[in-house]
Amino acid sequence: MYLNPMKEKKQRLFFALAPDRNGEAFRRLAHLSSDCGQFGRPVSEDNLHITLAFLGMVTAEQADAVVAATEQLRPPQAFSLQLNTLGYWKRSKVIWIAPEQPPRALLSLALQLKALALDCGLEQESRPYRPHVTLAKSVARRPESLPAFDKIDFHFNHFGLYISKPVSHNGHQSVQYLRLGQWPLASRYQ
Ligand code: 2AM
């Protein structure tokens with residue numbers, strides 16, 4: 001099902017994997033994010049995700065074209081991954097958790113979506129794709145040590161297209177993600 005609440009103006013769009021919020025794995029991920037918040041600003045539970053492709057500011061017409069193209073996509077099979085590496089990026093000032101060895105299906109899905117975005121006339125970054133979950137933002141300097149954690153496993157059988165909407169929360173600027181569409185990854189038994 002697809003609902004386009006975009007009206008006229010441009011909105012910031014991205015494709016992402018949303019972790020299953022039910023269960024121990026998500027609880028541990030949310031806990032780790034809140035733990036990493038001591039170094040900057042924790043990412044709220046609602047916003048924890050793996051970006052697949054960032055589309056930037058997109059018009060309603062472009063968003064319709066992206067959705068139409070996604071309907072035609074033949075995505076890879078559902079996959080599992082293990083978040084087992086915690087790190088810090090100085091450039092974006094974030095602490096992240098990532099799979100040390102991303103599954104092939106994840107990398108090919110990200111490549112498909114990047115090609116789709118380019119076909120829709122949306123510029124894409126040339127740097128290599130590094131799948132990760134951002135746990136904390138505005139981390140001014142590299143923490144001397146990062147929290148201890150146990151690796152976390154997730155299974156994904158859908159991917160989604162999201163709008164990132166700026167919101168003001170208690171005087172602080174934040175973002176809220178609204179799902180524009182969701183598509184299944186191919187089932188092993190199809
Ligand atoms: P992240 O994946 O590191 O968390 C919405 O802005 C999402 O798209 C965020 O999750 C963000 O970072 C990701 N993203 C990737 N490239 C981006 C860019 N150039 N500008 C803003 N967000 C970007």
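Start at 1 and go down the list; that is how both ligands and their atoms are numbered.
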Closest approach of Met57 and Lys10, non-hydrogen atoms and distance?
CE-O, 3.7 Å
Thr134 side chain reached by Ile95 side chain, heavy atoms, under 4.5 Å:
no
Out of Trp89, Phe54, Phe15, indicate the one that has the non-hydrogen atom closest to atom 23 (C) of ligand 1.
Phe54
Could you work out, for atom 12 (O) of ligand 1, the closest of Asn47, Thr51, Ile50 by heavy-atom distance?
Thr51
Heavy-atom contacts with Thr134 under 4.0 Å: which atoms of ligand 1 show up? List them by number with element.
1 (P), 3 (O), 4 (O)
Give the atom numbers and elements of ligand 1 that come within less than 4.0 Å of a heavy atom of Glu125.
19 (N)
Between Lys137 and ligand 1, is there a nitrogen or oxygen pair with a distance under 3.5 Å?
no
Taking the six-membered ring for Trp, are the ring centroids of Phe79 and His155 within less than 6.0 Å of each other?
no
Less than 6.0 Å separating the ring centroids of Phe154 and Phe26?
no
Which protein heavy atom lies closest to atom 10 (O) of ligand 1, and at what distance to 0.1 Å?
His49 NE2, 2.6 Å
Considering non-hydrogen atoms of the protein only, which is the closest contact for atom 3 (O) of ligand 1, and what is the distance?
His132 NE2, 2.6 Å
Whether the side chain of Ser138 engages the backbone of Arg41 through a donor-acceptor N/O pair (distance < 3.5 Å, no angle test) should be reported.
no
Only one of Asp35, Leu29, Val94 forms a side chain to side chain contact (heavy atoms under 4.5 Å, CB included) with Leu135, so which one is it?
Leu29
